[in-house]
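Data first, discussion second: the structure below is written as structure tokens.
For ligands, and for the atoms within them, numbers begin at 1 and follow the listed sequence.
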Amino acid sequence: MTAMPWQAVVLTLFPGMFPGPLAFALAGKALAAGHWALSAMDIRTYADDRYGAVDDAPFGGGPGMVMRPDVVDAAVSDAVGRFPGLPLVYLTPRGRRLEQADVRELAGGAGMILLCGHYEGVDERIVDAWRPREVSVGDFVLSGGEPAAFVLLDACLRLRPGVVGEAGSLLDESFENGLLEYPHYTRPRLWAGRDVPEILLSGHHRRIAEWRLAEAERITRERRPDLWQRYVHTRRPTVAASKAQPHDNEGGWR
Ligand code: ADE
């Protein structure tokens, strides 16, 4: 490989968790092939008291512990110094909820520095001082930022050149066109008394594409009225738009 690998830097209290699941499948192969590089930095090594304390009780009282700003700052400073120009991302349920557009933007850069919080998170002054991009992977609370880092890294890596074999499969999938994906079928044709939709056996590419778009639209309309509204107003192809249905949120999740 001649091109510089996409660089993932993870600041964590548990560097042994990495590459973890990212050592497998597509991301793992791409890591071995040098398409991306990983540097897991142990935040604890930046603690300078003799107990190696990285956290402390919150001022004002209350449950949990807070990661100390002096320790986290030393770790972030070192990472930024070693990997200048990479965006700093702090994984927190308080962040902006991750979407495919954010993934595309981050994947399109040179890499990123990921700060993983634990306990109640990091002292707020770290956020004030470093202005990281605060990212949440969903409206639920994880025990730490590491599983969120796996999610964000996996989503970015699969968009990198050389990671996913068939580039076409990236264009066709959920969210890339603002829709959830259409259903897929493979052999055997008859399984447990269930057949596959006739149209898929027709060999008629244009009609198959139309059926798939119609299914993707139906599934999105039924399950995700929020995505459906955005799609109808901003992205829906004009021919299909003339057939837009007024009844939106029917059914919800099955
Ligand atoms: N850390 C804890 N919960 C998280 C979430 N939902 N997203 C990102 N980081 C987190």
Side-chain angles (χ1 to χ4, degrees), residues 6-24 27 36 38-47 53-60 62-76 78-80 83 86-109 111-160 174-175 180 223-224 226-227 253:
W6 193 81
Q7 181 68 54
V9 181
V10 184
L11 297 171
T12 169
L13 290 171
F14 302 99
M17 283 192 189
F18 291 85
L22 301 175
F24 295 87
W36 68 288
L38 173 68
S39 201
M41 296 171 64
D42 186 353
I43 295 174
R44 198 172 296 279
T45 60
Y46 297 87
V54 293
D55 59 330
D56 212 325
F59 281 120
M65 300 289 269
V66 179
M67 287 171 72
R68 291 172 54 119
D70 51 346
V71 178
V72 175
D73 177 68
V76 172
D78 192 23
V80 167
F83 302 96
L86 295 187
L88 176 65
V89 175
Y90 172 39
L91 295 151
T92 164
R94 213 181 69 173
R96 181 180 138 99
R97 204 167 51 192
L98 186 66
E99 293 196 2
Q100 192 65 20
D102 306 309
V103 171
R104 268 195 298 271
E105 185 193 330
L106 288 165
M112 56 192 171
I113 300 172
L114 299 173
L115 173 60
C116 301
H118 261 266
Y119 321 111
E120 299 305 310
V122 302
D123 186 299
E124 188 66 18
R125 290 166 291 179
I126 286 295
V127 176
D128 296 339
W130 285 98
R131 297 260 155 237
R133 184 162 172 157
E134 293 180 82
V135 170
S136 165
V137 296
D139 290 342
F140 44 81
V141 181
L142 298 165
S143 58
E146 289 80 4
F150 293 138
V151 168
L152 176 54
L153 285 171
D154 183 275
C156 288
L157 288 168
R158 57 189 295 287
L159 299 186
R160 295 290 308 165
S174 289
F175 302 114
L180 301 178
R223 299 182 177 193
R224 290 290 301 273
D226 56 327
L227 292 181
W253 288 97

Would you find a donor on one side and an acceptor on the other, under 3.5 Å apart, between the side chain of Y90 and the backbone of W130? no
Taking C-beta and beyond as the side chain, do L152 and M112 meet within less than 4.5 Å on heavy atoms? yes
Going by atom types alone, do E146 and T12 pair a side-chain donor with an acceptor below 3.5 Å? yes
What does the contact table look like for ligand 1 (nitrogen or oxygen on each side, cut-off under 3.5 Å)?
residue: ligand 1; atom: 3 (N); partner: L142; partner atom: N; Å: 2.9
residue: ligand 1; atom: 6 (N); partner: G138; partner atom: O; Å: 3.2
residue: ligand 1; atom: 6 (N); partner: F140; partner atom: O; Å: 2.8
residue: ligand 1; atom: 7 (N); partner: V137; partner atom: N; Å: 3.0
residue: ligand 1; atom: 9 (N); partner: T92; partner atom: N; Å: 3.1

Please name all residues satisfying salt bridge (charged side-chain N to carboxylate O under 4.0 Å, His left out) with D78, sequence neighbours left out, ordered by chain then number. R82
Would you say the side-chain atoms of W36 pair up with the backbone N or O of A8, donor to acceptor, closer than 3.5 Å? no
Decide, yes or no, whether a salt bridge links D42 with R44 under the criterion of side-chain N to carboxylate O below 4.0 Å. no
